[in-house]
Enquirer: 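Take this structure first; my questions come after.
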Amino acid sequence: MQIKVYSTLTRQKEDFQTFQPGKVGMYVCGPTVYKPSHVGHMVGPVIFDTIKRFLSYLDYQVNFVVNITDVDDKLIVESKKQNTTVTELAERVTADYLSNLKKLQVTGIDHFPRATHYIGEILSMINGLIEKGFAYASNGDVYFDVSKDDDYGKLCNRDPEQLEAGARIEVNDRKRNAGDFALWKGAKPGEPMWDSPWGPGRPGWHIECSAMSMKLLGESFDMHGGGLDLQFPHHENELAQSESYSGKTFARYWLHNGLMKTGDKKMSKSEGNEIVVTELLKKHQPETLRYLLLSSHYRSPIEYSEDRLLELRRTLDSFYRFFDRVKRICGKSFYDVSTPLKFVPAPKGHSAFMGEIYKLRDAFLDAFADDFNSGGALGTLHEFLTTLNRFADQAKLETAEGNPGAKGEFLSAVTVLREITQILGLFIEPQESAGPQGNNQLMDGVMRLLIDIRADARKSKNFPLADLVRKRLAELNITLEDRPDETGWRVGP
RNA sequence: GGCCCCUUCGCCAAGUGGUAAGGCCGCGGAUUGCAAAUCCGCUAUCCCCGGUUCGAAUCCGGGAGGGGCCUCCA
């Protein structure tokens with residue numbers, strides 16, 4: 001299977017090839033930890049976590065790094081505002097970030113390097129850049145000299161000459177060119193600082209990503225990701241300083257995810273329109289958010305809205321109902337169906353039904369292999385659902401007529417579904433609020449009682465009473481489902 | 001002013017040269033005592049105008065509308 005990747009560097013889809021056979025180095029820019037994460041911060045991690053799952057499924061060994069920038073002007077300002085230290089603030093916000101990722105089933109990140117843990121690497125890289133003539137010290141600061149880098153601007157099509165015309169660049173007479181950017185910033189009193197050959201100070205914004213990615217993934221690695229808003233200046237500068245330093249290709253593919261929007265505008269801390277993840281998760285389950293992030297192509301912007309989340313929840317509910325059905329048929333929870341995250345070709349001599357299932361799996365994988373088109377892949381997920389439900393209906397698996405052979409086949413198909421949902425990182429474990437059944441014994445008992453009373457009423461054709469029970473339960477947001485041999489119930493419409 | 005990107009059914013969203021996946025909503029049918037759930041069926045020629053081609057939502061040119069970046073930002 002040939003994977004295609006769109007790279008910002010070439011602005012086209014390319015055949016995916018790794019530097020080392022079977023191994024993938026992946027670096028994604030994480031947050032500056034000065035404010036709790038908002039929904040936009042989850043986009044990259046969820047997308048790239050899914051990409052890693054997919055690549056692992058195809059037997060690649062993926063090393064996935066997401067940095068934490070824990071020293072920066074904004075941290076200094078915010079910590080003063082909160083009357084705390086930079087360290088305390090950074091730790092608190094990092095904990096929030098990590099816990100959100102965990103809830104969203106972002107489990108594939110191998111390293112979360114902190115900028116402050118790599119000061120040594122940063123200093124030696126700056127030193128190297130100065131020695132090679134790409135950087136210069138100036139009054140306690142160190143700047144990267146864009147005029148020394150022939151292909152500066154290649155990622156975003158920026159002409160360094162024109163940067164001067166921008167006039168939005170900070171005026172600073174310590175710089176030689178308007179486009180020069182700080183590798184090291186001299187510290188003012190009271191600011192976090194580390195000793196350096198140029199005096200006490202702290203790293204500039206971009207250098208930590210270069211230093212940490214090189215340390216953890218090598219001078220050349222395969223994929224570099226981040227939000228579209230990081231293309232310039234962050235990634236441009238990161239690329240420039242890295243390749244100037246090593247003389248090698250820094251990252252082969254640059255992938256930029258679309259930005260989360262609220263009310264037609266980009267969601268960002270500076271716009272002040274951000275939806276804080278922990279707030280959102282008070283009203284919606286994490287899986288709904290993960291589903292939202294995967295429902296469109298990663299390069300498109302995603303419109304955030306409450307209605308959309310509610311709509312997607314309805315979509316997910318049909319999966320949860322199906323899982324309930326699986327349990328009734330197979331006596332086994334979908335969540336306990338175990339299958340390795342590994343591609344295995346379809347066995348020979350399968351039934352027509354399993355043929356359909358494998359065809360759907362192929363469609364899913366083809367969509368995903370084409371620039372990680374999760375939206376297209378999700379389309380086939382729904383076709384899985386319909387195909388499986390149809391089979392269960394036709395083979396009458398929930399009645400005495402359902403034969404064991406058909407049930408076995410059904411379970412095989414469910415296993416294939418499980419296989420691909422693992423790639424998506426969906427339906428990994430039951431969602432707390434998704435359970436169609438209550439989770440306490442008293443409730444179960446009372447419901448059993450009401451259902452039995454209603455069953456008696458139905459048997460004696462006392463439909464007004466039967467309907468009254470159902471109607472009153474509906475008013476309590478409980479829905480009854482009469483199935484061939486029993487009546488089930490769930491909370492919700 | 002410069003650099004990118006987007007515009008597909010009421011809403012969301014795949015499709016990047018061969019005659020429009022999927023989801024939500026809606027409608028009809030099967031099933032049901034009636035519902036619910038499930039299944040089956042129905043609902044678009046792709047912002048506009050030119051061009052290339054046997055053939056374009058898909059390529060090229062122009063126009064309209066929207067978004068991102070050029071300052072911190074996932």
Side-chain angles (χ1 to χ4, degrees), chain A residues 8 11 13 28-32 34-35 37-47 66 72-74 77 97 153 156-159 162-163 165-170 179 205 225-234 236 256-261 264-271 274 291-292 295-297 299-303 305 307-308 310-318 321-322 324-325 363 367 370 373-383 385-386 388-394 398 436 458 461-464 466-467 470-471 474 479-484 487-490 493:
Chain A
T8 305
R11 308 220 174 261
K13 279 186 203 170
V28 174
C29 286
T32 298
Y34 74 105
K35 275 189 178 178
S37 22
H38 66 248
V39 185
H41 291 121
M42 300 293 111
V43 181
V46 166
I47 298 298
V66 174
D72 176 88
D73 293 9
K74 292 190 295 297
V77 172
Y97 180 69
C156 307
N157 254 313
R158 286 308 140 113
D159 179 359
Q162 299 214 315
L163 288 174
R168 298 176 82 174
I169 295 175
E170 179 193 0
W205 176 29
L228 212 56
D229 53 350
L230 292 182
Q231 276 184 201
F232 194 91
H234 187 237
E236 192 71 64
H256 289 101
N257 60 266
L259 304 176
M260 183 66 83
K261 294 164 60 174
D264 281 347
K265 269 198 173 165
K266 172 183 141 182
M267 182 183 293
S268 78
K269 294 174 208 169
S270 41
E271 291 282 355
E274 77 259 37
Y291 189 94
L292 170 71
S295 66
S296 58
H297 188 97
R299 266 186 285 114
S300 326
I302 306 170
E303 180 76 44
S305 81
D307 283 351
R308 178 105 173 96
L310 292 171
E311 178 197 321
L312 294 179
R313 174 53 197 267
R314 281 195 290 278
T315 301
L316 286 171
D317 279 339
S318 64
R321 274 184 237 114
F322 173 74
D324 217 44
R325 196 175 193 191
D370 184 6
N373 182 357
S374 55
L378 277 184
T380 66
L381 197 66
H382 289 100
E383 296 185 62
L385 196 63
T386 306
L388 285 161
N389 267 139
R390 190 196 302 130
F391 182 80
D393 279 1
Q394 287 173 354
E398 289 182 78
R458 292 176 73 205
K461 309 261 188 229
N462 184 355
F463 295 123
D467 290 345
R470 191 173 61 203
K471 181 168 166 266
T479 305
L480 295 183
E481 281 179 38
D482 290 331
R483 290 188 278 267
T487 294
W489 63 277
R490 66 167 189 274

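Letters go in sequence order (proteins before strands), and every chain restarts at 1.
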Enquirer: Consider the side chain of A:Glu481, meaning its heavy atoms from C-beta on, and name the nucleotide among B:rA36, B:rC70, B:rG68 that approaches it most closely.
Expert: B:rA36
Enquirer: With respect to the side chain of A:Pro233, which nucleotide from B:rC72, B:rC39, B:rG22 is positioned closest?
Expert: B:rC72
Enquirer: Quick one: does A:Glu236's side chain have a donor or acceptor within less than 3.5 Å of a partner on A:Gly153's backbone?
Expert: yes
Enquirer: Expressed as a whole number of Å, how far does the C1' atom of B:rC46 sit from that of B:rA56?
Expert: 11 Å
Enquirer: A:Lys74 near the nucleic acid: base, sugar-phosphate alone, or nothing, with a heavy-atom cut-off under 4.0 Å?
Expert: sugar-phosphate
Enquirer: Looking only at heavy atoms, what is the nearest atom pair of A:Ile302 and A:Ser296, with distance?
Expert: CG1-OG, 3.9 Å
Enquirer: Applying a 4.0 Å non-hydrogen cut-off, can you work out what A:Thr8 is touching in the nucleic acid: base, sugar-phosphate, or nothing?
Expert: nothing
Enquirer: For A:Asn389, report the nucleic acid contact type (base, sugar-phosphate, nothing); a contact means any heavy atom under 4.0 Å.
Expert: sugar-phosphate
Enquirer: Taking the C1' atom of each, how far is B:rU32 from B:rU16, in whole Å?
Expert: 47 Å
Enquirer: Side chain of A:Arg490 only, heavy atoms from C-beta on: which candidate in B:rG22, B:rC70, B:rA37 is closest?
Expert: B:rA37
Enquirer: In whole Å, measure the gap between the C1' atoms of B:rU8 and B:rA57 for me.
Expert: 7 Å
Enquirer: Would you classify A:Gly375 as touching base, sugar-phosphate or nothing, given that sugar-phosphate means primed atoms plus P, OP1 and OP2, and contacts are heavy atoms under 4.0 Å?
Expert: base
Enquirer: My understanding is that only residues two or more places apart in sequence, or in another chain, count here; which of them pass side-chain hydrogen bond (donor to acceptor under 3.5 Å, both in side chains) with A:Asn462?
Expert: none
Enquirer: Quick one, A:Phe232 with A:His234, criterion side chain to side chain contact (heavy atoms under 4.5 Å, CB included). Give me CA distance, side-chain angles, the key distance, then yes/no.
Expert: CA-CA 5 Å; A:Phe232 194 91; A:His234 187 237; over 6 Å; no
Enquirer: Work out how far the C1' atom of B:rU7 is from that of B:rC48, and round it to whole angstrom.
Expert: 11 Å
Enquirer: B:rC5 and B:rU19: how far apart are their P atoms, nearest whole angstrom?
Expert: 28 Å
Enquirer: Taking 4.0 angstrom as the limit, do A:Asp317 and A:Arg314 come out as a salt bridge?
Expert: no
Enquirer: Heavy atoms only, 4.0 Å cut-off, all strands: where does A:Arg470 land among base, sugar-phosphate and nothing?
Expert: base
Enquirer: Write down the distance separating the C1' atoms in B:rA13 and B:rC9, rounded off to the nearest Å.
Expert: 11 Å
Enquirer: Between A:Arg490 and A:Asp324, is a salt bridge (charged side-chain N to carboxylate O under 4.0 Å, His left out) present by the stated rule, with each step listed?
Expert: CA-CA 11 Å; A:Arg490 66 167 189 274; A:Asp324 217 44; over 6 Å; no
Enquirer: Would the base of B:rC69 count as contacting A:Arg158 through its side chain, where contact means a donor and an acceptor less than 3.5 Å apart?
Expert: yes
Enquirer: Using a heavy-atom cut-off of 4.0 Å across all strands, would you classify A:Gly153 as base, sugar-phosphate, or nothing?
Expert: nothing
Enquirer: Need one value for A:His297: base, sugar-phosphate or nothing, where a base atom within 4.0 Å counts as base even if backbone is also close, heavy atoms only.
Expert: sugar-phosphate
Enquirer: Between P on B:rG33 and CG on A:Asp467, what's the gap in Å once rounded to a whole number?
Expert: 12 Å
Enquirer: With RNA chain B as reference, determine whether A:Thr315 or A:Leu228 sits nearer its 5' end, using the nearest nucleotide of each.
Expert: A:Thr315
Enquirer: Within the 4.0 Å heavy-atom criterion, would you say A:Ser296 contacts the bases, only the backbone, or no part of the nucleic acid?
Expert: sugar-phosphate
Enquirer: I need the CD-P distance between A:Glu303 and B:rU7, as an integer number of Å.
Expert: 15 Å
Enquirer: At under 4.0 Å between heavy atoms, what does A:Arg458 touch on the DNA or RNA strands: base, sugar-phosphate, or nothing?
Expert: base
Enquirer: Need one value for A:Thr380: base, sugar-phosphate or nothing, where a base atom within 4.0 Å counts as base even if backbone is also close, heavy atoms only.
Expert: nothing
Enquirer: If you take atom types as modelled and just measure distance, does the side chain of A:Asn157 reach the base of B:rG2 with a donor-acceptor pair under 3.5 Å?
Expert: no
Enquirer: Let me know the distance between CD1 of A:Ile302 and P of B:rG66, rounded to the nearest Å.
Expert: 22 Å
Enquirer: B:rA35 C1' sits how many Å from A:Leu480 CG, rounded?
Expert: 10 Å
Enquirer: Measure the shortest side-chain to side-chain distance between A:Leu312 and A:Arg308 over non-hydrogen atoms and say whether it is less than 4.5 angstrom.
Expert: yes
Enquirer: Is A:Asp482 touching bases, backbone alone, or none of the nucleic acid, heavy atoms closer than 4.0 Å?
Expert: base
Enquirer: Would you classify A:Met267 as touching base, sugar-phosphate or nothing, given that sugar-phosphate means primed atoms plus P, OP1 and OP2, and contacts are heavy atoms under 4.0 Å?
Expert: base
Enquirer: Look at all strands and tell whether A:Ser37 reaches a base, only sugar-phosphate, or nothing, counting heavy atoms closer than 4.0 Å.
Expert: nothing
Enquirer: In whole angstrom, give me the gap between the C1' atoms of B:rU31 and B:rG17.
Expert: 45 Å
Enquirer: With a 4.0 Å cutoff (strictly under), does any side-chain N or O of A:Asn373 reach OP1 or OP2 of B:rA14?
Expert: no
Enquirer: Would you indicate which nucleotide in B:rG22, B:rA74, B:rU38 comes nearest to any side-chain atom of A:Glu383?
Expert: B:rG22
Enquirer: For the pair made of CD in A:Gln231 and P in B:rG2, what is the distance, rounded to whole Å?
Expert: 19 Å
Enquirer: For atom P, what is the distance between B:rC59 and B:rC70, given to the nearest Å?
Expert: 28 Å
